[in-house]
*Asks:* 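Below you'll find the structure I mean.
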Number of protein chains: 2
Amino acid sequence: MRSDRSGVEQTFIEEARRRQLLQATIETIAELGYGQASLARIAQRAGVSKGVIAYHFTSKDRLIELVVDHVYASSWAAVQPRLAGAGTMTEKLATFVHAEIQYYGSHRQQLLAIGSIVVNHRCADGSLHYPPGAEASVVRVLVDLLRAGQERGELTSFDPLPLAVTVDRAITGALEQWATDPEIDLQAYADELARIFEAAVRPLMTEMP
Amino acid sequence: MRSDRSGVEQTFIEEARRRQLLQATIETIAELGYGQASLARIAQRAGVSKGVIAYHFTSKDRLIELVVDHVYASSWAAVQPRLAGAGTMTEKLATFVHAEIQYYGSHRQQLLAIGSIVVNHRCADGSLHYPPGAEASVVRVLVDLLRAGQERGELTSFDPLPLAVTVDRAITGALEQWATDPEIDLQAYADELARIFEAAVRPLMTEMP
DNA sequence: GACCGGTCTGACCGCATGGTCAGAAATTAG
DNA sequence: CTAATTTCTGACCATGCGGTCAGACCGGTC
């Protein structure tokens, strides 16, 4: 079985190996960082020889990109239904903050791996493969959410981009604080973030009781 | 003249070379990223041979750390006097946001280089040399500032750490947005950040006219 | 038994890395 | 002008990298 036939007609063993190698990659990057996560070290952690990775994946770059796809898909699968369940836009905003923090709070290795990958993984031409910017999926979701809230008159008028970027950064900031110091009460931290952002979107004249 | 006698009894040429090599390092990391910034490429950009770096600096790690020291010292030298000039704590907070964004807005390479270094540079034991966390200098400054504002009753009561981290991240978020898309109006972006954070620290019952 | 496709190993390739060093070149001192 | 010192070069080293590949191994099927 050659590499990279994602999704179709996979042997049981192929499926299992791929999962194992993705997991080993996440663990290695989380622990040692993108730059130190060589194929040799990933293979060693998985208990196989380097050639196995070449057999199941077309290249190291492809491996990394599949890790990113997997993590983003998993986190979105956890966050999206909770978002749909929230009522007002303000609630959606708070829910988003809580859901993201909760997901990565219980997937520390995914958090660290993704963080190390997005700031390091590059295309052949040297440019970042996952550039920061308004196109990043989380930021896009937040901008849409804020704009919708403004159109219904539920939120004050302001440029949605800075707040969307800030919410995104605040979440990763919270998680990195916690990754550095696990003593931090993530729940309380998330509550505080929700308070900050609710104050920022609340129309000036209508205070909640 | 051997390497690393920082500050004392430097030849004119030594001083100049050190500056040049620090600058070449910043440019190389800003353009290619930490992982691709090899001694060979840095030397090539400076137009000298690799050995020169070894002659003027004890090691590549030391070079990187001197870059970080230089950038932090420069930015603080630009921000600190403006902070001292601001009156209320709310003004200080807004001033800090504007001053940081303004400094790095006119030092794009320093911004990109520092960003790439802090998430990548590691100690011999594999741990990050500049770990995120409450000890980061910017966050410390902000926590002190917020706490002082609370003690004078000027700001609402809240845990200063999440907001401090958020302000820090929001600033780097703004700058990275701008680094990705230079069309962005940094001044307006900074104004919007100031609005967000003023809303978050303002006591609930006292609206400004 | 022989055969077969899928899976895996371990050795190997070319290359880039950080670091070292003898000696050439440039600068300064006397 | 010579001698001493600082500065620099270019070749070299050991190491680790991503990637390749011939052949071993393994569970089935005739």
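In the text below, chain A, chain B and the rest are named by the order of the sequence lines, each starting its count at 1. Quick note: numbers below take in every heavy atom, side chains included, and nothing from hydrogens, waters or symmetry partners.
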*Asks:* Between D/dC17 and A/Arg41, is there an OP1 or OP2 to side-chain N/O distance shorter than 4.0 Å?
*Replies:*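 The answer is yes; a side-chain N or O of A/Arg41 sits under 4.0 Å from OP1 or OP2.
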*Asks:* Checking A/Gln110 against A/His70: is there a side-chain donor and acceptor pair closer than 3.5 Å?
*Replies:*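 Absent: no donor and acceptor within the cut-off.
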*Asks:* Starting from C1' on D/dC8, measure out to CD on B/Gln20 and report it in whole angstrom.
*Replies:*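 Rounded to whole Å, this separation is 12 Å.
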*Asks:* Rounded to whole Å, please give me the gap between CD in B/Gln44 and C1' in D/dT9.
*Replies:*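 In whole Å, D/dT9 C1' and B/Gln44 CD are 15 Å from each other.
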*Asks:* To the nearest angstrom, how far is B/His56 atom NE2 from D/dT7 atom P?
*Replies:*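 Taking atom P of D/dT7 as the reference, NE2 of B/His56 is at 6 Å.
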*Asks:* Under 4.0 Å: is that the gap between some side-chain N or O of A/Tyr55 and OP1 or OP2 of C/dT7?
*Replies:*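 Yes, A/Tyr55 has a side-chain N/O under 4.0 Å of OP1/OP2 on C/dT7.
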*Asks:* What is the distance, rounded to the nearest whole Å, between atom CD of B/Glu15 and atom C1' of D/dT6?
*Replies:*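 Rounded to the whole Å, the gap is 16 Å.
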*Asks:* Could you verify whether a donor N or O on one side chain and an acceptor N or O on the other, from B/Gln44 and B/Arg41, lie under 3.5 Å apart?
*Replies:*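 No, no side-chain donor-acceptor pair sits under 3.5 Å.
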*Asks:* Between B/Ser38 and C/dT17, does any side-chain N or O lie under 4.0 Å from OP1 or OP2?
*Replies:*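 Yes, within the criterion.
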*Asks:* Quick check: do B/His121 and B/Asp61 have side-chain heavy atoms less than 4.5 Å from each other?
*Replies:*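 Yes; the side chains approach each other to less than 4.5 Å.
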*Asks:* Nearest of C/dT9, C/dT17, D/dT20 to any side-chain atom of A/Ala54?
*Replies:*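 The closest nucleotide is D/dT20.
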*Asks:* Considering only side-chain heavy atoms of A/Lys60, which listed nucleotide, C/dT9, C/dG6, D/dG19, is closest?
*Replies:*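 Selected nucleotide (nearest to the side chain): D/dG19.
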*Asks:* Over how many whole Å does the gap from B/Gln36 atom CD to C/dG18 atom P extend?
*Replies:*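 Going from B/Gln36 (CD) to C/dG18 (P), I get 11 Å.
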*Asks:* Less than 4.0 angstrom between a side-chain N/O of B/Arg17 and OP1 or OP2 of D/dC8, yes or no?
*Replies:*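 Checking B/Arg17 against D/dC8: at least one side-chain N or O falls below 4.0 Å of OP1 or OP2.
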*Asks:* For side-chain contact (heavy atoms from CB on, under 4.5 Å), just list the numbers for A/Val201 and A/Phe158, CA-CA rounded to whole Å, side-chain angles, deciding distance to a tenth of an Å, and then say yes or no.
*Replies:* CA-CA 8 Å; A/Val201 299; A/Phe158 55 87; 3.7 Å; yes
*Asks:* For the residue pair A/Ser75 / A/Tyr104, report whether a side-chain donor-acceptor contact shorter than 3.5 Å exists.
*Replies:*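 There is such a pair (donor and acceptor under 3.5 Å, judged by atom type) between the side chains of A/Tyr104 and A/Ser75.
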*Asks:* Check the distance between D/dG10's P and B/Ile53's CD1 and give it to me in whole angstrom.
*Replies:*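 Atom-to-atom, B/Ile53 to D/dG10, this comes out as 15 Å.
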*Asks:* C/dG19 P sits how many Å from B/Asp61 CG, rounded?
*Replies:*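 Spelled out: CG on B/Asp61 to P on C/dG19 is 7 Å.
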*Asks:* May I have the distance from A/Lys50 (atom NZ) to D/dG16 (atom P), rounded to whole angstrom?
*Replies:*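 It works out to 12 Å between those atoms.
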